[in-house]
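Quick note on labels: first sequence line is chain A, next is B, and so on, each numbered from 1.
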Amino acid sequence: MALSSSVRVRFAPSPTGHLHVGNARTTLFNWLFARQKGGTMVLRIEDTDVGRSEARFEDQLIADLKWLGLDWEEGPDVGGEYGPYRQSDRLPIYREHAERLLSEHKAYLCFCTEEELQKERDRATAQHRQPIYSGKCRAIDPAEAQRRRAAGEQCAIRLRIPEHPIRFHDIVHGDVEFSNEVVSDPIILRSSGMPVYNYVVVIDDALMKITHVIRGDDHLSNTPKQVALYEALGWPVPEFAHLSTILGADRERLSKRHGATSIANFRDMGVLPEALVNYLALLGWAPTGGTREIFSSQELIKEFSLERVTPSPAVFDMEKLYWLNRHYIKESPPERIQKLALPYFSSLLGEFLSQQETNKSDSSEVPDVAKWFASVTQLLAPSVDRLDQLPVRASLIFNYDAKAALASPDNAEVLAWAHTDAVLARFAFKILEDESAREGKLTPEQFKKIVNEVKAETAAKGKELFHPIRIVVTGSHSGPEFDKLIPILEEGSRLPLPKHVLNVHQRVEQFAKARGK
RNA sequence: GGCGCUAUCGUCUAGGGGUUAGGACGGAAGAUUCUCAAUCUUCAAACCCGGGUUCGAUUCCCGGUAGCGCUACCA
């Protein structure tokens, strides 16, 4: 299939850890741009730092990107015509082009030792000068230099930086200019033969025909070196777009210290991918007009533009992410939420539900349990920031504790109300008497009828009536609607769950006992 | 230290030579529901400082300040 546009972008992470939100946002912007332009997305693994790179991190990276719904046409996992897509597999390419630059006198051999260079730098900083390379080896005759190298003398390859300022255009920042004096001839190939990052990135981007380099603005200061490299190599300079840094609440660069920062963290917390994508898109970008907040990926592809990306750094705001997450939780089909919620209930349900799921056809009870659990998540999910908070919310179903309810300071005020004793007494009496309740088959209608009778007999109404009853039934004076809760309690008590759910009758009984009246 | 980038409510942002400086999150108040949540309504909340250009600057220019980044034979 012919692509309608020649736009090619890349995401080039180092496999040194989990995918970070900053990198995720960079990938997202690349992806949105590529998808909008009908371009090609390339995934390239920058694993030249062999010490820190690990293969398992590459798999995680790919899994995290896919979870976000991002995809690519070329990469180590899918191949492509500009491979290999792992830098560790491209070493010969880097050497070849370095030698080419050398033979064209665009680069030269440097015989300075690390100690010499370090001393030079120290001297410069002590004198408050820019710590740049003196250019000592620039003057060595190339033929002489080759002889010394052939004789086995250790040397690195340095790029010759031109004697004029380096200018380039950045889509986010506009025109940027650096004096050539601050760049200094950078090493492109170490004496060990290993190439340097700022060099390989140019070779790869050029050879992979990348048209738009969209990356973090920590690379902005590296860009003049890279532009000089493109020019030395005789290759076209791509468009640049440098994205601002994501900061923590203290305005420092976002790090583990700030809590959840990896995509895996958010996934484990029960943040939905579409919420994260939507939030990340809003960090540093806003649509025309700037009033819309909710965007699906498809809508983002349509609306996104690099020109509207803000150059200033953005503070990551967990509360706004939660707001979007709550929105998407409510929008999601209940079956999806139920499925996603399941892992968080392993301590309450054990392997029970997942086991039941696998052999559902041969037991009649199974659909009941699944259905029951679905109604539990449906009841609780709308009030939660993230799915991992569900089990705590569910404690009113699973962990009824009459003594704790009576002792709770939250309940003290309600328990002291004038009507409370009467309400409690009449309610307990009626529930304990009720035949259906005793069997755990109380319906919301019967429950309502009992409540109404209590109301008539005690003259308590509104909160005076409901708060004490809530405390008896759930342990707390506030919570979900009784109409939905009663069936969950009653049905739950009849199911063979690993953690038994008390029905209304049992709760009233325990409460009465705990109260000693 | 040098160089670079950045600067609108607490936060994310819209806007732009003359505006009641708009929206969202969060906050506050009210409505509603038995309660909480949700929902709806309302409110508070900002152009970093100093010069210049201009009839007029938050907006354009310069300087300062602050934050961040880069200053490696790290990526």
Could you run down the sub-3.5 Å N/O contacts of the protein with nucleotides 61-68 of chain B?
none

Test side chain to side chain contact (heavy atoms under 4.5 Å, CB included) applied to [X] - qualifying residues, sequence neighbours left out:
X	value
A/Ala314	A/Leu283
A/Phe33	A/Val7, A/Val9, A/Lys37, A/His212, A/Ile214, A/Phe304, A/Leu306
A/Glu115	A/Thr113
A/Arg160	A/Tyr108, A/Arg138

Handout entry: Pairs touching residues 321-331 of chain A that satisfy side-chain hydrogen bond (donor to acceptor under 3.5 Å, both in side chains), sequence neighbours left out
Key = A/Asn278-A/Tyr328, A/Tyr322-A/Arg386, A/Arg326-A/Asp385

Check nucleotides 26-28 of chain B for protein N or O atoms closer than 3.5 Å to its own N or O atoms and list the pairs.
{"from": "B/G26", "atom 1": "OP1", "to": "A/Arg326", "atom 2": "NH2", "distance (Å)": "2.7"}

Practice task
For residues 271-287 of chain A, pull every pair meeting salt bridge (Lys or Arg N to Asp or Glu O under 4.0 Å), keeping only residues two or more places apart or in separate chains.
Solution key: A/Glu274-A/Arg336

Exercise for the section: Scan residues 165-177 of chain A for pairs that pass salt bridge (Lys or Arg N to Asp or Glu O under 4.0 Å), counting only residues two or more places apart or in two chains. Expected result: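 Sorted result for residues 165-177 of chain A: A/Arg167-A/Glu177.
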
Fill in the blank from the handout: Those residues at least two apart in sequence (or on a different chain) that pass side-chain hydrogen bond (donor to acceptor under 3.5 Å, both in side chains) with A/Gln146 are A/Arg149

Practice task
Any strand is fair game: report the nucleotide pairing with B/G30 by Watson-Crick or G-U wobble, both distances under 3.5 Å, or none.
Solution key: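 B/C40 is the nucleotide pairing with B/G30.
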
Problem - Contact letters for nucleotides 42-47 of chain B, in which S counts primed atoms plus P, OP1 and OP2 and B counts the base, heavy atoms under 4.0 Å - result: ------

Completion exercise
Residues at least two apart in sequence or cross-chain that pass salt bridge (charged side-chain N to carboxylate O under 4.0 Å, His left out) with A/Arg44, listed by chain then number, are A/Glu46, A/Asp204, A/Asp205

Exercise for the section: Give one of base, sugar-phosphate or nothing for A/Ser312, where a contact means two heavy atoms less than 4.0 Å apart. Expected result: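 The residue A/Ser312 makes sugar-phosphate contact but no base contact.
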
